[in-house]
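In what follows, a single structure is set out as C-alpha cells and then discussed.
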Amino acid sequence: MLLAIDVGNTHSVFGLWDGLEWIAVWRHTTDPDMTEDELAAWLRPLFEINGLEWKLEDAVCASVAPAVNETLDRLCERWFGLKLKFVRGGQSIGLEVDYHPVASVGADRLANALGALQKYEPPLIVVDFGTGTNFDVVDAESRYVGGAIMPGVLVGSEALFRKAAKLPHVDRLSLVAPQSAIGKSTVESLQSGIVLGYAAAIDGLVRRIRTELGGDCRVIATGGLGAMFHGLCETIEAFEATMTLDGLRVAAARLV
C-alpha cells in the first residue's frame, strides 16, 4: 500500500493507494509544530476505522511547507520503517521542465502535471484551487512550461473583510454563486464579486494561456474549491479531486 502526502500551506492531504484505487483520503491542518508521534496518533485510528492494516510498502510526498518535511520523514521511518520519497524536481520523475530556475517549481505543481498526463492528452492546463490558485501548463510535447499563481479565493476574500470594516464577513459555506450578478443585498453583492468575479478571472487567464499555447487545450480543475468552480467557469472541462495524489502515485514508481 502506498501513502501519498500532498502538503499545502493550509492543509495536507493523505491518500492511501492499494494498487487499484484510492481507498482513503484524509485532510489535516498543516502544522509545523506537530511531532511525528502526534501525526501517528491522528493517522493510526483512521487506518483502524477503515479496517486497514497499519502497514505501508511505499510513501511519497509533495510539499510546499519545508518546516514539516523532517517530521513527515520521521513519521514514515519510525512508524512504517520507510524512507519517505520527496518530489524535488522534474528530472527525477521523468518530466521535462521549462521554468527558471528549474528547481523553483513547486512539487505539487509537478505532481499536477504528471497526474494530468496519465489521463489526458496534452496540451493541458491544471487549475489547482488551494491557498493560492495555481495554473499548471503542459505543452503539446508533454513539457511543464510554467503557468500562473493567483491569490486563492478564500485568501482574497479574507483580505477584503479585514480592510473593509462595514462589510459583513462571508464564510466559506456562504461563498456560493448568487442567482444574479446584480446583488440585491450586501451579501449577494459580495457573492457576486468574489465568486462570479473569481470565475471570470479564471476564464480570462485560461483564455490568455490558450492563446499563448497556440490553440485549444484541455482544462482540468482540482483542489478544495475546484468542484464549485468547475460548474461556474466556462473554460474548465473536468474536475479531478485526486489529481495531485495521482501524480504522486506515478512519481513514487519513478523515484529511487
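Keep in mind that this is a model prediction, so the values were computed, not measured.
Residues meeting the side chain to side chain contact (heavy atoms under 4.5 Å, CB included) test with V64, sequence neighbours left out: N9, D108. The ring-ring contact (aromatic ring centres under 6.0 Å, His included) check on Y144 picks up nothing, with sequence neighbours excluded. Evaluation of the ring-ring contact (aromatic ring centres under 6.0 Å, His included) rule for W42 yields F14, H28 as partners, not counting sequence neighbours.
With no hydrogens or angles considered, a side-chain donor-acceptor pair links Y198 and T133 at under 3.5 Å.
Side-chain heavy atoms closer than 4.5 Å link hydrophobic residues (I, L, V, M, F, W, Y) into clusters, and following such links, possibly through other members, connects F47 to L75. In the hydrophobic clustering of this structure, V206 groups with M228; members are Ile, Leu, Val, Met, Phe, Trp, Tyr whose side-chain heavy atoms approach within less than 4.5 Å, directly or through other members. Linking Ile, Leu, Val, Met, Phe, Trp and Tyr whenever their side-chain heavy atoms come within less than 4.5 Å puts L117 and L255 in one cluster. Under the 4.5 Å side-chain heavy-atom criterion for ILVMFWY residues, no single connected hydrophobic cluster contains both V153 and F239. The hydrophobic clustering, which links ILVMFWY residues whose side-chain heavy atoms are closer than 4.5 Å, places I194 and V155 apart.
Annotation: side chain of L52 is not in contact with side chain of E48 (no heavy-atom distance under 4.5 Å). For the pair L16 and L56, the minimum side-chain heavy-atom distance is below 4.5 Å. By the 4.5 Å heavy-atom criterion applied to side chains, L114 and L248 are not counted as neighbours. No side-chain heavy atom of L124 sits less than 4.5 Å from a side-chain heavy atom of C217. Side-chain contact check for E21 versus D18: some heavy-atom pair is nearer than 4.5 Å. Contact of the V195 side chain with the V176 side chain is not registered, since no non-hydrogen atoms from C-beta on lie closer than 4.5 Å. Put simply, the side chain of P178 reaches to within 4.5 Å of the side chain of L196, judged on heavy atoms. The closest side-chain heavy-atom distance from K119 to E240 is below 4.5 Å.
Interatomic distance, D6 CG to R27 CZ, rounded to the nearest 0.5 Å: 8.5 Å. Here L225 contributes atom CG and L154 contributes atom CG; the two are 5.0 Å apart, rounded to the nearest 0.5 Å. From I149, atom CD1 reaches atom CG of L205 across 11.0 Å, with rounding to the nearest 0.5 Å. Rounded to the nearest 0.5 Å, atoms CD (Q191) and CD (Q179) are 10.0 Å apart. The distance from atom CG of L72 to atom SG of C61, rounded to the nearest 0.5 Å, is 5.5 Å. One finds the CG atom of D31 at 9.5 Å from the OG atom of S12 (value rounded to the nearest 0.5 Å).
For L95 against S142, the heavy-atom pair with the smallest separation is CD1-O, 3.7 Å. Across L110 and G89, no two heavy atoms sit closer than the pair CD1-C, 3.7 Å. Annotation for S63 and A107: closest pair N-CB, 4.0 Å, computed over non-hydrogen atoms. Of all the heavy atoms in V97 and G90, the pair that sits closest is CG2-CA, 3.8 Å. The shortest non-hydrogen separation linking P45 to A40 is CD-O, 4.2 Å. Looking at every heavy atom in both residues, A199 comes nearest to F229 through N-CE2, 3.8 Å.
Residues R74 and D37 are not paired through a salt bridge, judged by the lack of any N-O separation under 4.0 Å between the basic side chain and the carboxylate. For the pair E234 and R207, the salt-bridge criterion is met [side-chain N within less than 4.0 Å of a carboxylate O].
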query: Is there a side chain to side chain contact (heavy atoms under 4.5 Å, CB included) between L39 and T71 once you walk through the steps?
result: CA-CA 9 Å; L39 273 175; T71 299; 4.0 Å; yes
- request: Under the salt bridge (Lys or Arg N to Asp or Glu O under 4.0 Å) rule, what do R218 and E121 come out as? Steps first, then yes or no, please.
  value: CA-CA 8 Å; R218 304 296 298 270; E121 290 294 322; over 6 Å; no
query: Can D73 and K83 be said to form a side chain to side chain contact (heavy atoms under 4.5 Å, CB included), step by step?
result: CA-CA 7 Å; D73 201 11; K83 184 65 178 175; 3.0 Å; yes
- prompt: Please walk me through it: do W17 and L245 pass side chain to side chain contact (heavy atoms under 4.5 Å, CB included)?
  reply: CA-CA 9 Å; W17 176 263; L245 294 180; over 6 Å; no
task: Could you please spell out the steps behind the side chain to side chain contact (heavy atoms under 4.5 Å, CB included) verdict for N134 and V126?
output: CA-CA 8 Å; N134 293 339; V126 180; over 6 Å; no
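Residue pairs satisfying the salt bridge (Lys or Arg N to Asp or Glu O under 4.0 Å) criterion with at least one member in residues 122-137, sequence neighbours excluded, are listed as follows: R109-D136. Listed by first and then second residue, the side chain to side chain donor-acceptor pair (under 3.5 Å) pairs involving residues 246-255 are W22-D246, T242-D246 (not counting sequence neighbours). Listed by first and then second residue, the ring-ring contact (aromatic ring centres under 6.0 Å, His included) pairs involving residues 72-107 are W54-F80 (not counting sequence neighbours).
With hydrogens and angles ignored, the 3.5 Å screen pairs a side-chain donor or acceptor of E237 with a backbone N or O of V219. One N or O on the side chain of K85 and one on the backbone of A252 form a donor-acceptor pair closer than 3.5 Å. A donor-acceptor pair under 3.5 Å is formed between the side chain of N50 and the backbone N or O of L46.
With respect to H230, the side chain to side chain contact (heavy atoms under 4.5 Å, CB included) criterion is satisfied by exactly one of V127, I236, I220: I236. Evaluated for a side chain to side chain contact (heavy atoms under 4.5 Å, CB included) with I125, the options N112, T235, I209 yield exactly one hit, I209.
More than 12 non-hydrogen atoms from other residues, nucleotides or ligands lie less than 6.0 angstrom from CD of E38. Q118 CD: more than 12 foreign heavy atoms inside a 6.0 Å radius.
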